[in-house]
Amino acid sequence: MAAELSGPRHAFGVYRRSIGAYLRSIGEYPADFWVMAVAGTFWQIMLFAFLTILFGNVSTIDGWGYHEMLVLAGFLATSWSSTALFWDGVWDTGKMVVEGDIDYRITRPAPVLVQVGSKHVGMQVFGEATLGVVMLAIGWTGAGLGWSAVPVGLLLMVCAIVIQASLLTIANAANFWMKGRSPVIAFMVTELQNEAMRFPLTIFPAAVRLVLTFGLPLAFASFIPAQILTGRLDPWWIATAPVAAGISAAVAVWVFRMGLRAYDSAGH
């Protein structure tokens with residue numbers, strides 16, 4: 001029983017120390033940090049400006065007003081940047097497979113997936129998260145959402161982060177079989193999310209909506225939470241977010257473990 005309890009604690013301890021060490025190292029290169037943070041901020045400013053200009057010419061997008069769209073965009077930006085903060089190392093999976101760095105991770109007394117995911121932090125997230133929170137706050141107040149919705153919003157945010165991290169893990173784990181440095185599948189998932197999920201999913205055909213909700217559950221990382229918060233979905237939908245997050249995480253762990261079983265050292 002003690003061994004079972006020590007496993008998760010040990011994994012979390014490894015994760016915390018790894019992330020902490022990288023965050024401390026950022027202070028050694030302040031110029032790199034500020035360049036990346038400003039770059040992330042600039043991208044979100046462009047999105048903010050785009051929505052503001054767009055709604056200067058149209059009143060709604062498929063029934064979504066300006067502040068509701070800010071809730072959608074802000075939620076997506078905040079959850080995505082949080083994923084990059086807590087799980088950005090998974091992007092190096094392909095590189096580690098090709099270079100044989102996975103060998104080193106396998107021999108260490110810690111879960112390989114935890115070691116990979118906590119390998120580093122995306123420094124651009126600090127700027128992205130700041131503007132994401134700003135957009136979410138402006139949209140939140142403008143859409144008439146009060147403090148009572150904050151606990152639900154936090155729950156949905158945590159679930160969104162887990163879902164995004166899980167999908168990135170699955171996509172990057174494909175490199176165990178593809179044997180390439182570049183995370184091609186992960187880039188495709190990211191582009192799909194950045195281009196499609198910043199707009200109401202209802203503007204797409206029914207088949208696309210089904211795929212992005214139940215097949216590749218990106219909708220649970222932005223669109224469905226925004227619908228729940230703005231009252232477009234019944235309250236019982238709140239329970240579906242933890243279910244989607246749990247299933248996504250379980251599939252991600254299974255796929256990564258299958259990848260490790262298929263892994264051959266770079267020397268073979």
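Only this structure's heavy atoms are used, side chains among them; waters, hydrogens and symmetry mates stay out. Since the structure is predicted, the reported quantities are computational estimates derived from the model, not experimental observations. We're numbering straight along the sequence, starting at 1.
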Quiz item: In the hydrophobic cluster built from side-chain contacts under 4.5 Å, what are the other members alongside Phe214?
Solution: Leu210
Quiz item: salt bridge (Lys or Arg N to Asp or Glu O under 4.0 Å): which pairs involve residues 187-202, sequence neighbours left out?
Solution: Glu195-Arg198
Quiz item: Which residues pass the salt bridge (charged side-chain N to carboxylate O under 4.0 Å, His left out) test with Arg232, sequence neighbours left out?
Solution: Glu68
Quiz item: For Phe220, what residues pass the ring pair (Phe, Tyr, Trp, His ring centres under 6.0 Å) criterion, not counting sequence neighbours?
Solution: none
Quiz item: Restricting to pairs with a member in residues 65-118, which pass ring pair (Phe, Tyr, Trp, His ring centres under 6.0 Å), not counting sequence neighbours?
Solution: Phe55-Tyr66, Trp91-Phe187
Self-check item: Qualifying residues under side-chain contact (heavy atoms from CB on, under 4.5 Å), relative to Ala137, sequence neighbours excluded
Solution: none
Quiz prompt | Under the salt bridge (charged side-chain N to carboxylate O under 4.0 Å, His left out) test, residues paired with Asp101 that sit two or more places apart | solution = Arg105
Quiz item: For Met188, what are the other residues in its hydrophobic cluster, where any two members join if their side-chain heavy atoms are less than 4.5 angstrom apart?
Solution: Met178, Val184, Ile185
Quiz prompt | For Trp147, all residues meeting side-chain contact (heavy atoms from CB on, under 4.5 Å), sequence neighbours excluded | solution = Val150
Quiz item: Who pairs with Ile161 by side-chain contact (heavy atoms from CB on, under 4.5 Å), at least two apart in sequence or on another chain?
Solution: Ser79, Ser82, Thr83, Met157
Quiz item: Looking at residues at least two apart in the chain, or sitting in another chain, which of them share a salt bridge (charged side-chain N to carboxylate O under 4.0 Å, His left out) with Arg17?
Solution: none
Quiz item: Which residues pass the ring pair (Phe, Tyr, Trp, His ring centres under 6.0 Å) test with Phe256, sequence neighbours left out?
Solution: Phe176
